[in-house]
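Index from 1, following the sequence. None of these values were measured; they are calculated from a predicted model.
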Amino acid sequence: MSFSSRVKDELSRQVSTARHCQIAEIAAIISLCGRVQISEEERYCIRIHTENVAVARKYFTLLKKTFNINTDISIRRSAYLKKNQVYTVIIGAHEDALRVLKATKLLKSDGDIAENMELVGNVVIQQPCCRRAFIRGAFLASGSISAPEKFYHFEIVCSTEAKAKQLQEIIGSFDLDAKIVLRKKYYVVYIKEGSQIVDILNVMEAHQSLMELENVRILKEMRNSVNRQVNCETANINKTVSAAVKQMEDIEYIRDKYGFDHLPRNLREAAEARLLMPEATLKELGDAMNPPVGKSGINHRLRKLGALAEKLRENRLQNEEENYDKKDSDD
């Protein structure tokens, strides 16, 4: 079972005790995955579709508890994914359908059904607990969440921009920054920040899933922290080794081309110490001096040796060029 399915399974087992919260959750479900059919005799019928059996069971339970109405459930194969089944919860009785639509505020003031089927006004979601229930119902209806081991992504798909903006506003009431993107013909309300996905799971009261995601986040952060530390230490080691190799090359060049006897005592000691301890750190080299020298002091001496080696190389190159020019003129 995917992480998204586990979240929905957890949410499907939660039924609010307050009737107003139950109505808010039903309103979200019908708005995002429901269809209202009107016969020629102007008789209403509500059909709610889902591919998740746990979610279908939640719809059935909510309608029974909230309105004490009987619903039918039909099952058919998905036209697009033949392995999946589509569950349809049907409110077939006109009076029951009308009662549900009125309670969920999915009717216009004149009694007509809003084409977009977004909430009319905000009576259903005035209280924070009802807004939590609405977001929970919206996620059950058309939401998904990625496996946190891979990446962080939470989304709810809406059929119209009006529904998406309404949902974005409701999520925003909990200080969460949800964004909207147009994907083909649908408007997707999404959150990509890991900490905010944790927060919205808390808003929906998916506490088990929240703990699972937090555990994954902690492991990922620890792993990233260790990797950063290892990379930093590796970079420092590479930098130290490269510097030591360059220092050895410079000192050997000075020894072969100039000799240590011409060096000041402090530079000669530093050069000899580096040749004896090619892998030593600056601190270890400084401690080997008599008397001991700090890191900055030994680093200063090695820099002077490097500058001297560069100067000797430049002088040698200049002499070679002068000799070459003189030879050409003699010829």
Do H20 and Q127 touch side chain to side chain, with heavy atoms closer than 4.5 Å? yes

For R217, is there an ion pair with E212 - N to carboxylate O distance below 4.0 angstrom? no

Closest non-hydrogen atom pair, E149 against K220: O-NZ, 4.0 Å

Going by the rule side-chain contact (heavy atoms from CB on, under 4.5 Å), which residues pair with A270 if we only count those two or more places apart in sequence or in a different chain? I298, R301, L305

So the ring-ring contact (aromatic ring centres under 6.0 Å, His included) pairs with at least one residue in residues 163-189 (sequence neighbours excluded) are none

If only atom types and distance count, is the side chain of K295 paired as donor or acceptor with the main-chain N or O of G286 below 3.5 Å? no

Walk me through whether C130 and C21 qualify under side chain to side chain contact (heavy atoms under 4.5 Å, CB included). CA-CA 5 Å; C130 294; C21 291; 4.0 Å; yes

If you define the side chain from C-beta out and look only at heavy atoms, does anything of F260 sit under 4.5 Å from I251? yes

Distance from Q14 atom CD to D9 atom CG, nearest 0.5 Å? 11.0 Å

Would C158 and L167 count as a side chain to side chain contact (heavy atoms under 4.5 Å, CB included) if you check the C-alpha gap in whole Å, the side-chain angles of each, and the deciding distance to 0.1 Å? CA-CA 9 Å; C158 303; L167 180 60; 4.0 Å; yes

Mark yes when over 12 heavy atoms from residues, nucleotides or ligands other than E310 sit less than 6.0 Å from its CD; otherwise mark no. yes

For the pair E95 and R43, find out whether any cationic side-chain nitrogen is under 4.0 Å from an anionic carboxylate oxygen. yes

Within the 4.5 Å heavy-atom criterion, are H94 and S39 side-chain neighbours or not? no

Indicate yes or no: at least one non-hydrogen side-chain atom of I75 is less than 4.5 angstrom from one of T88. no

NZ (K283) and CG (N299) are apart, to the nearest 0.5 Å, by 15.0 Å

Can you hop from Y152 to I135 via hydrophobic side chains spaced under 4.5 Å? yes

Is it the case that over 12 heavy atoms from other parts of the model lie below 6.0 angstrom from the CG atom of N238? yes

Linked, directly or transitively: L219 and F3 (ILVMFWY side chains, under 4.5 Å): no

Rounded distance (nearest 0.5 Å) linking atom CD1 of I29 with atom CG of L32: 9.5 Å

Can any side-chain N or O of S173 pair as donor or acceptor with the backbone N or O of I170 at less than 3.5 Å? yes

Determine yes or no for a side-chain-to-main-chain donor-acceptor pair under 3.5 angstrom, with S5 supplying the side chain and M1 the backbone. no

Exercise: do T61 and K65 side chains pair donor with acceptor under 3.5 Å: no

Within 45° of the ring axis of F67 and under 6.0 Å from its six-membered ring centre, is that where the NZ or CZ of R99 lies? no

Apply the test side chain to side chain contact (heavy atoms under 4.5 Å, CB included) to residues I171 and V203: give CA-CA distance (whole Å), side-chain angles for both, the deciding distance (0.1 Å), then the verdict. CA-CA 9 Å; I171 293 173; V203 166; over 6 Å; no

Under the 3.5 angstrom rule, does the side chain of R76 hit a backbone N or O of V86 as a donor-acceptor pair? no

Would you call K165 and E169 a salt bridge, taking side-chain N to carboxylate O under 4.0 Å as the test? no

Shortest non-hydrogen contact from L210 toward V198: CD1-O, 3.4 Å

K163 (side chain) donor-acceptor with S31 (main chain) under 3.5 angstrom: yes

Please answer: with hydrophobic residues joined when any side-chain heavy atoms are less than 4.5 Å apart, are I191 and F134 in the same cluster? yes

If every non-hydrogen atom of Q22 is compared with every non-hydrogen atom of S16, which pair is closest and at what distance? NE2-O, 2.6 Å

Any L106 side-chain heavy atom under 4.5 Å of I30 side chain: yes

Under 3.5 Å, is there a donor-acceptor pair between the E155 and H153 side chains? yes

Any side-chain heavy-atom pair of S74 and I90 under 4.5 Å: yes

Carboxylate-amine/guanidinium proximity below 4.0 Å for R136 and E205: yes

Provide the closest heavy-atom pair for M248 versus R274 in the form atom of the first, atom of the second, distance. SD-O, 3.4 Å

Point-to-point distance, once rounded to the nearest 0.5 Å, from SG of C45 to CG of D72: 9.0 Å

Side-chain donor-acceptor pair under 3.5 Å between N70 and K64, yes or no? yes

More than 12 heavy atoms from other groups under 6.0 Å of NE2 on H300: no

Check for a donor-acceptor pair, side chain of S12 on one end and backbone N or O of V55 on the other, with a separation under 3.5 Å. no

Using a 3.5 Å distance criterion without hydrogens, assess whether the side chain of S4 forms a donor-acceptor pair with backbone atoms of I145. yes

So do the side chains of V226 and V230 get within less than 4.5 Å of each other, counting heavy atoms only? yes

Ignoring hydrogens and geometry, is there a side-chain-to-backbone donor-acceptor pair from Q85 to E51 under 3.5 Å? no

SB check R6 E10 (cutoff 4.0 Å): no

Do you know the tightest heavy-atom contact between L140 and Y59? O-OH, 3.8 Å

Between Y190 and K192, is any pair of side-chain heavy atoms under 4.5 Å apart? yes

Do V241 and L275 share a hydrophobic cluster (ILVMFWY, side-chain heavy atoms under 4.5 Å, transitive)? no

Taking R313 first and then D250, would you say they form a salt bridge - that is, a charged N and a carboxylate O separated by under 4.0 Å? yes

Validate the cation-pi geometry between K8 and F139: distance from NZ or CZ to the six-membered ring centre under 6.0 Å, angle to the ring axis within 45°. yes

Which heavy-atom pair separates T71 from L63 by the least distance, and what is that distance? CG2-CD1, 3.8 Å

Can a donor-acceptor pair be found, under 3.5 Å and without considering hydrogens, that links the side chain of E284 to the backbone of T281? yes

After noting the C-alpha distance and the side-chain angles of L282 and L302, does the key distance pass the side chain to side chain contact (heavy atoms under 4.5 Å, CB included) rule? CA-CA 10 Å; L282 291 177; L302 292 172; 3.7 Å; yes

To the nearest 0.5 Å, what is the distance between CZ (R47) and NE2 (H49)? 7.0 Å

Measure the spacing between CG of D287 and CE of M277 and express it to the nearest 0.5 Å. 8.5 Å

Hydrophobic clustering (ILVMFWY, side-chain heavy atoms < 4.5 Å, transitive) - are V181 and I200 grouped together? no

